[in-house]
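Single-structure report; data block below.
When a residue number appears, it is its place in the shown sequence, counting from 1. Each ligand, and each atom within it, is numbered from 1 in the order the structure gives.
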Amino acid sequence: MKILKVDHIGIAVSSIEEVKKLYSDILGLTHLGSETVAEQKVTTAFFPVGDTEVELLESTSPDGPIGKYIEAKGQGVQHIAFRVDNIENALEELKAKGIRLIDEKPRKGAGGAKIAFLHPKSTFGVLVELSER
Ligand code: ZN
């Protein structure tokens, strides 16, 4: 497997509308657009930063993964996403190396990317997302 770059950093927020003011008005980043991923009960908003992006994540429902995350840990950095050249190969290789996978197979993420998460128990507490697009 080959990691090409940090694709994005995922930040859990209660309200994209509110937090967006920080990233666009105060920090001066461009809001590239928002997208709701219904299966994940999440709305995402992307802000490019150089070769990577900040991804704000707002839950569309209290029982979604981001809703539960904020309930337990509060707002803040939620995951880091690495872009890989071939996500199926990466998952196979990591599994063979004993890494626990949340997603055995890639699923559809925002922007038409193929994504999969690794279990934080295998990655010293960091929720790692793999992304291929
Ligand atoms: Zn992400």
Side-chain angles (χ1 to χ4, degrees):
M1 71 177 270
K2 188 166 170 57
I3 292 178
L4 305 172
K5 64 175 199 164
V6 173
D7 190 78
H8 61 269
I9 294 162
I11 300 174
V13 304
S14 299
S15 161
I16 285 176
E17 205 45 48
E18 193 181 322
V19 176
K20 187 167 109 171
K21 290 175 199 148
L22 169 68
Y23 287 92
S24 49
D25 301 351
I26 297 173
L27 297 177
L29 301 176
T30 302
H31 179 207
L32 199 64
S34 294
E35 183 181 340
T36 296
V37 182
E39 311 93 83
Q40 290 303 307
K41 297 183 179 173
V42 74
T43 298
T44 63
F46 283 94
F47 298 81
V49 185
D51 197 29
T52 187
E53 292 180 341
V54 166
E55 174 188 44
L56 302 183
L57 302 146
E58 176 187 330
S59 198
T60 57
S61 148
D63 68 341
I66 294 300
K68 287 187 200 154
Y69 180 89
I70 290 177
E71 171 87 30
K73 297 186 173 165
Q75 302 184 87
V77 172
Q78 198 253 352
H79 67 269
I80 179 164
F82 293 125
R83 186 176 298 188
V84 294
D85 57 346
N86 183 314
I87 196 167
E88 285 87 2
N89 288 355
L91 289 172
E92 202 175 307
E93 185 178 328
L94 291 169
K95 192 178 177 181
K97 287 177 174 170
I99 298 294
R100 206 165 132 193
L101 309 176
I102 292 176
D103 302 298
E104 297 270 336
K105 297 223 178 319
R107 51 191 162 93
K108 199 153 47 119
K114 288 197 279 185
I115 65 165
F117 286 94
L118 311 182
H119 201 286
K121 286 226 157 77
S122 283
T123 51
F124 302 91
V126 177
L127 179 59
V128 173
E129 174 186 337
L130 302 179
S131 165
E132 180 192 338
R133 51 173 124 187

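- Vertex the Zn ion (ligand 1); arms to Glu55 OE1 and His79 NE2; angle rounded to 10 degrees, 90°.
- Taking 2.8 Å as the threshold, Asp7 does not count as a candidate ligand of the Zn ion (ligand 1), since none of its N, O or S atoms lies below it.
- A tilted orientation is assigned to the rings of Tyr23 and Phe47, their planes being inclined by 30° to 60°.
- For Asp25, the side-chain hydrogen bond (donor to acceptor under 3.5 Å, both in side chains) criterion is met by no residue, not counting sequence neighbours.
- The side chain to side chain contact (heavy atoms under 4.5 Å, CB included) with Ile115 is formed by just one residue from the set Glu129, Gln40, Lys108; it is Glu129.
- Remark: the backbone N or O of Lys41 is paired with a side-chain donor or acceptor of Thr60 at under 3.5 angstrom.
- With the Zn ion (ligand 1) as the vertex, OE1 of Glu129 and NE2 of His8 span 100° to the nearest 10°.
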